[in-house]
Number of protein chains: 2
Amino acid sequence: MTKEIYENPDLKKERQNCPFNKEEITNFLDGGKEKTTERRQLETYILSDEQLKDPVPMEYLSHADKYAEDLRKSCLLMHKLADSPAGQVQTLRSLMGAGLGSAILKEGNPIALHYVMFIPALMGQGTVEQQAKWLEKAYNLNIIGTYAQTELGHGTFLRGLETKATYDPATKEFILESPSLTAYKWWPGSLGKTANYAVVMAQLYTKGKCEGIHPFMVQLRDEETHEPLPGILVGEIGPKLGMNTNDNGYLGFDKVRIPREQLLMKHSQVLENGTYVKPTNSKLSYATMVFVRVVVCQDVTLNLRKAVTIATRYSCVRRQSELKPGDREPQVMDYQAQQHKLLPPLAATFGFQLAADHLWNLYNTANNSMEQGDMELLPDLHGLSCALKALCSSEAANFVETCRQSCGGHGYMSCSNFPRIYGQVTAAITYEGENTVLWLQVARYLVKTRKEKSGGLSVKYLIDEEKGPRTVDTTPEGILRLYRRVAVGLVDIAIAELENNSRKGYAPHDAWNHAAVHLIKAAQAHARLFVVESFVDSLKESRLSSPVRSILSQLCELFIIYWILDRSGDFFLVSLLTNAILDKGKLSFKKREQTS
Amino acid sequence: MTKEIYENPDLKKERQNCPFNKEEITNFLDGGKEKTTERRQLETYILSDEQLKDPVPMEYLSHADKYAEDLRKSCLLMHKLADSPAGQVQTLRSLMGAGLGSAILKEGNPIALHYVMFIPALMGQGTVEQQAKWLEKAYNLNIIGTYAQTELGHGTFLRGLETKATYDPATKEFILESPSLTAYKWWPGSLGKTANYAVVMAQLYTKGKCEGIHPFMVQLRDEETHEPLPGILVGEIGPKLGMNTNDNGYLGFDKVRIPREQLLMKHSQVLENGTYVKPTNSKLSYATMVFVRVVVCQDVTLNLRKAVTIATRYSCVRRQSELKPGDREPQVMDYQAQQHKLLPPLAATFGFQLAADHLWNLYNTANNSMEQGDMELLPDLHGLSCALKALCSSEAANFVETCRQSCGGHGYMSCSNFPRIYGQVTAAITYEGENTVLWLQVARYLVKTRKEKSGGLSVKYLIDEEKGPRTVDTTPEGILRLYRRVAVGLVDIAIAELENNSRKGYAPHDAWNHAAVHLIKAAQAHARLFVVESFVDSLKESRLSSPVRSILSQLCELFIIYWILDRSGDFFLVSLLTNAILDKGKLSFKKREQTS
Ligand SMILES: Cc1cc2nc3c(=O)[nH]c(=O)nc-3n(C[C@H](O)[C@H](O)[C@H](O)COP(=O)(O)OP(=O)(O)OC[C@H]3O[C@@H](n4cnc5c(N)ncnc54)[C@H](O)[C@@H]3O)c2cc1C
Ligand SMILES: Cc1cc2nc3c(=O)[nH]c(=O)nc-3n(C[C@H](O)[C@H](O)[C@H](O)COP(=O)(O)OP(=O)(O)OC[C@H]3O[C@@H](n4cnc5c(N)ncnc54)[C@H](O)[C@@H]3O)c2cc1C
């Protein structure tokens with residue numbers, strides 16, 4: 001027995017008018033026909049389970065009940081892993097991210113950190129023996145962990161972390177301590193209520209010397225009663241703008257003793273007598289950060305895609321006001337102003353995803369060389385991942401709000417899902433590297449490259465400046481050249497500012513600080529260039545039917561022109577913008593593209 | 001016994017370094033020394049009441065409990081009215097707005113609509129007899145009302161409202177009906193649970209003819225049991241991004257009969273035999289809209305002020321990262337990037353308030369002429385109020401988010417109060433005229449003025465173009481001239497676009513629609529000009545000590561240059577921006593101003 005699904009007549013008409021094969025785009029986004037099939041099987045398997053539905057919409061519940069409800073569902077989900085049609089690894093990946101998982105666990109996932117941070121930390125930082133001891137228990141959820149890094153006093157500045165782990169050779173133990181209120185861990189997800197173990201980052205002291213931050217495996221709560229162990233001060237930090245069932249927590253230590261073997265010792269060690277053994281390679285942890293940032297980009301893009309889909313469909317269904325006097329009220333999508341709100345974010349969902357895919361491929365290539373001990377590609381990858389994470393998260397957050405507002409009053413309701421999507425996307429502006437701090441790191445790499453004439457592939461344009469004609473043409477290649485010139489121009493302006501500050505007698509750190517606004521602008525131009533280049537190149541390299549190529553090329557063109565119009569001051573400043581391009585920009589907004 | 005209040009040492013130092021008299025600025029913002037005293041007395045009276053405190057922070061409660069808690073407090077507040085040191089009217093005003101009221105009723109006010117919309121509607125649209133019948137009951141809270149206009153299907157386009165009120169001369173009653181699902185009222189605050197009466201906007205039918213939308217007084221619920229009356233389908237629309245204790249509701253009518261006398265008949269009437277009598281003046285309702293929009297501007301500005309205060313104080317207290325190697329971690333306020341986030345919104349709190357005050361004065365002047373039957377000032381006032389409401393709400397919403405993000409992770413917590421402030425400010429983008437729709441109305445006025453060479457005071461610059469030198473100087477006056485030229489330039493570009501579209505053969509409505517993006521930009525430039533002019537003029541006219549004048553002038557300069565930098569493309573486009581100004585802009589960000 002198949003249920004008829006109601007289809008709004010306006011939407012139906014739009015879909016019938018679609019000039020390309022939607023399934024082809026779906027496959028393109030999923031990464032292939034098989035991936036689409038696999039995704040749909042998994043979705044059916046999960047979404048058809050009545051027990052995974054909310055008896056009462058989450059937003060009506062108290063803070064405590066929201067958590068209880070998402071915990072109930074996350075336990076059920078874990079039971080479904082074994083029989084999943086998509087295999088455990090793929091299923092876990094879908095359930096932890098912004099896709100399928102968030103359809104069930106709408107306000108966050110109480111055990112996400114276990115899979116996303118705790119297990120990876122064990123694998124990346126634990127010795128083979130340590131992995132043997134904890135990894136299976138972790139996989140079987142006999143223990144549930146989190147990763148405790150940020151403290152009340154320190155998020156950005158990791159060197160400032162205060163939690164202390166002092167080695168006591170007499171008992172062969174570390175003593176964990178929180179020497180002040182600001183030393184309390186603050187923010188780790190799953191810490192508030194769910195986890196009974198944690199990888200805790202602490203300053204390692206041995207033989208009277210501080211050796212910096214190291215990861216320690218610490219049991220927090222009794223495995224049976226779930227009561228905090230002696231000396232462990234733990235709880236939830238409280239309600240937030242979003243992600244309210246992630247039970248972010250706090251954690252203090254009152255002289256908690258743990259065996260020496262609970263220092264995760266893959267990279268550095270403390271011997272029984274207290275001798276500290278340095279890591280052989282300190283750059284490896286960069287690779288993990290690159291990985292996590294790619295995942296953040298994918299997650300915010302997925303969330304943006306949801307927002308755009310909701311707003312686009314609504315704009316085809318909503319009829320309001322008068323366009324032609326006497327006619328029926330138009331679909332609000334017919335207003336140019338509405339298209340101006342929705343088409344750039346639609347284009348961005350493709351641009352961001354293709355850029356993230358591109359970065360992911362670079363990461364995999366680099367990983368191979370790194371396994372051969374070649375670390376040369378790392379700085380470039382690191383720079384790109386910072387830039388892309390900062391750009392995607394902040395632009396996606398703005399776009400989500402534009403989408404919400406484009407739905408008028410109805411967008412403001414929780415049941416539109418916009419408020420929740422925004423809560424997730426805007427959080428990514430702050431975590432995994434606060435965006436301003438990331439921009440400044442990217443800028444440092446750009447300035448260094450430009451001045452020393454040496455750097456990786458992504459910044460080659462700062463070294464070998466294009467000769468080509470200074471005139472501007474409006475082909476995608478011509479416009480890419482413009483983007484490159486703007487990035488170069490803004491880097492040069494920032495450098496001039498730095499030098500100017502030095503001439504005024506500022507110390508280097510002051511000169512840097514007083515050029516921050518220009519440095520950030522330069523870094524942003526670099527990031528936009530990367531996205532735009534990835535977009536253009538990916539379309540060139542992809543095998544697509546001609547109608548799909550045509551619609552995606554239109555979106556690509558719209559996107560690269562949208563950014564020029566949006567930042568036209570920068571383009572004027574480096575004095576390359578011509579009216580031809582502005583006119584082209586105006587034209588692009590007049591084509592009405594719909595994918596609903 | 002006085003309690004010592006803890007003062008953070010960093011904040012204390014900043015306050016000691018303050019080069020001006022803070023009390024003077026406070027008085028300036030309050031509108032005089034006496035106003036400050038009065039406000040503080042009222043605050044002490046209200047805030048010291050233990051019963052008005054939340055036993056559990058609101059954000060932990062379920063949706064239903066949040067409402068119950070705010071309803072409890074709003075009833076208590078009403079009991080305190082009689083003994084208030086500030087008088088009933090002033091106290092009510094403070095309790096309904098974004099100031100004192102929101103310190104107690106954090107998620108909204110279940111009876112706000114009663115005072116803000118219901119009573120004013122009665123006063124503005126009811127006859128003397130009708131006022132006699134209901135007004136006293138309303139003042140005594142024997143009845144609690146709301147104002148029901150928006151429907152599920154129509155918010156912006158009021159002519160499209162579907163609720164029907166058909167006159168039946170046989171019984172001398174109106175029959176209220178909701179002919180479809182989309183005809184249900186949807187959104188009115190207080191309707192979901194609190195109100196037992198409403199002024200309902202409905203299409204009036206008499207003698208077989210529709211006479212358009214008119215206000216009807218309708219009882220919704222039993223005065224004793226609070227149960228909905230027969231034929232009344234009423235309830236809450238559900239959780240939202242913010243303002244969750246405003247119990248926005250829905251309302252449907254199943255052939256509900258009300259006496260003829262419940263049509264509010266101050267302006268138009270239906271006689272017993274069904275004859276419709278037209279209103280003598282249809283422009284009067286404009287005046288109410290102007291008033292409400294000024295209040296919206298004041299409210300979002302007050303909310304922005306809170307956000308800026310929280311972020312500025314936090315930035316003086318928070319120490320993070322390294323500025324000078326080896327030194328103590330700096331206050332994050334010392335980073336240029338942080339100043340770049342916080343100083344423009346700080347300046348905006350003054351700019352927006354002074355512009356709203358200015359509009360308020362214009363409104364009062366106009367009101368006097370209107371009472372003499374002179375409506376000439378209305379179109380100009382209407383245009384200004386639309387422009388200012390749209391600008392203040394959207395800019396304030398963005399600024400609030402910038403403030404939140406400037407506090408890193410801690411800004412994301414509910415206890416920072418940012419999420420709640422944002423929920424209130426961003427709602428104002430949509431209600432009381434959706435911003436896009438308002439911009440297009442403003443643009444229509446500007447285009448008309450420019451083409452017909454006739455319009456009110458605020459658009460005089462579009463008629464009598466300034467002669468003066470085309471060169472740019474960087475005095476405030478010189479920069480104001482620049483703003484005016486940009487506004488003129490963008491209006492001309494929009495007109496060129498319109499004419500271009502006409503030449504292509506577009507019908508007028510299509511030509512208009514296809515110029516929307518340019519029209520909106522022009523309207524925004526006009527609005528920014530008004531704010532900037534108000535800021536400069538108000539400072540000129542105010543009596544201020546020289547240190548206070550100096551700090552406010554710096555903020556004013558920073559603000560007008562911030563907008564130039566932010567929209568530098570527009571300024572380049574109209575080709576008047578020079579490097580001199582850009583350099584001045586850079587300079588302004590290097591001065592560190594603090595008011596914490
Ligand atoms: C939803 C959410 C989930 C989180 N989950 C986790 C988790 O699971 N585990 C965990 O360990 N942590 C977690 N965090 C914490 C997060 O990693 C930190 O909030 C983040 O690192 C930012 O640090 P901060 O909050 O200390 O901000 P701060 O660094 O204090 O930032 C405050 C302001 O100072 C500015 N600033 C700071 N340094 C500089 C500089 N050098 N130059 C210029 N400006 C500067 C910033 O730009 C910002 O405007 C989470 C945070 C959020 C919001
Ligand atoms: C928090 C909140 C409280 C509210 N309280 C009340 C209340 O107490 N009483 C009450 O009666 N109502 C209330 N409302 C409803 C509010 O007045 C409407 O939401 C508002 O008028 C916008 O109308 P809409 O929702 O129909 O949006 P729509 O008009 O449907 O807007 C959808 C999209 O279409 C676009 N659009 C519409 N017309 C045009 C046009 N002509 N040209 C170009 N674009 C167009 C808009 O820009 C928008 O992007 C409230 C709303 C909110 C969010």
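So you know, we letter chains A, B, ... as the sequences are listed, proteins then strands, and number each from 1.
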J.: Given the options B/T182, B/T150, B/T436, which has more heavy-atom pairs under 4.5 Å with chain A than any of the others?
T.: B/T436
J.: Using a heavy-atom distance cut-off of less than 4.5 Å, which residues of residues 319-329 of chain B contact chain A?
T.: B/R319, B/Q320, B/S321, B/E322, B/L323, B/K324, B/P325, B/E329
J.: Is the shortest side-chain heavy-atom distance between B/M413 and A/N248 below 4.5 Å?
T.: no
J.: Please identify, among B/A64, B/G408, B/P57, B/G409, the residue contributing the most non-hydrogen atom pairs under 4.5 Å to chain A.
T.: B/G409
J.: Restricting to side chain to side chain donor-acceptor pair (under 3.5 Å), what partner residues turn up for A/Q524, sequence neighbours left out?
T.: none
J.: Can you label the angle between the A/W187 ring and the B/Y412 ring as parallel, tilted or perpendicular, going by 30° and 60°?
T.: tilted
J.: Check each atom of A/I237 against the heavy atoms of chain B and say whether the ones under 4.5 Å are side chain, backbone, both or neither.
T.: both
J.: What I'd like to find out is whether the side chain of B/P239 reaches to under 4.5 Å of the side chain of A/Y60, using heavy atoms alone.
T.: yes
J.: Pick from A/H154, A/H63, A/Q338: which one has the most heavy-atom pairs with chain B under 4.5 Å?
T.: A/H154
J.: Are A/E434 and B/K341 within salt-bridge range, i.e. N to O under 4.0 Å?
T.: yes
J.: Flag the pair B/H410 / A/L152 as yes when at least one side-chain heavy-atom distance between them is below 4.5 Å, and no otherwise.
T.: yes
J.: Count the heavy-atom pairs under 4.5 Å between each of A/R318, A/R567, A/Q405, A/R159 and chain B, then report the option with the highest count.
T.: A/R318
J.: Quick one: of A/G242, A/G155, A/A507, A/A337, who has the most non-hydrogen atom pairs under 4.5 Å with chain B?
T.: A/G242
J.: Does anything in residues 406-416 of chain B form a salt bridge (Lys or Arg N to Asp or Glu O under 4.0 Å)? List the pairs, not counting sequence neighbours.
T.: none
J.: Look at A/G153, A/G160, A/G238 and state which one has the largest set of heavy-atom pairs under 4.5 Å with chain B.
T.: A/G153
J.: For residues 418-428 of chain B, tabulate all N or O donor-acceptor pairs below 3.5 Å that involve a side-chain atom, not counting sequence neighbours.
T.:
unit_1: B/R420; atom_1: NE; unit_2: B/E107; atom_2: OE2; d: 3.2
unit_1: B/R420; atom_1: NH1; unit_2: B/N417; atom_2: OD1; d: 3.3
unit_1: B/R420; atom_1: NH2; unit_2: B/E59; atom_2: OE1; d: 2.7
unit_1: B/R420; atom_1: NH2; unit_2: B/E107; atom_2: OE2; d: 3.4
unit_1: B/Y422; atom_1: OH; unit_2: A/E401; atom_2: OE2; d: 2.4
unit_1: B/T426; atom_1: OG1; unit_2: A/R404; atom_2: NH2; d: 2.6

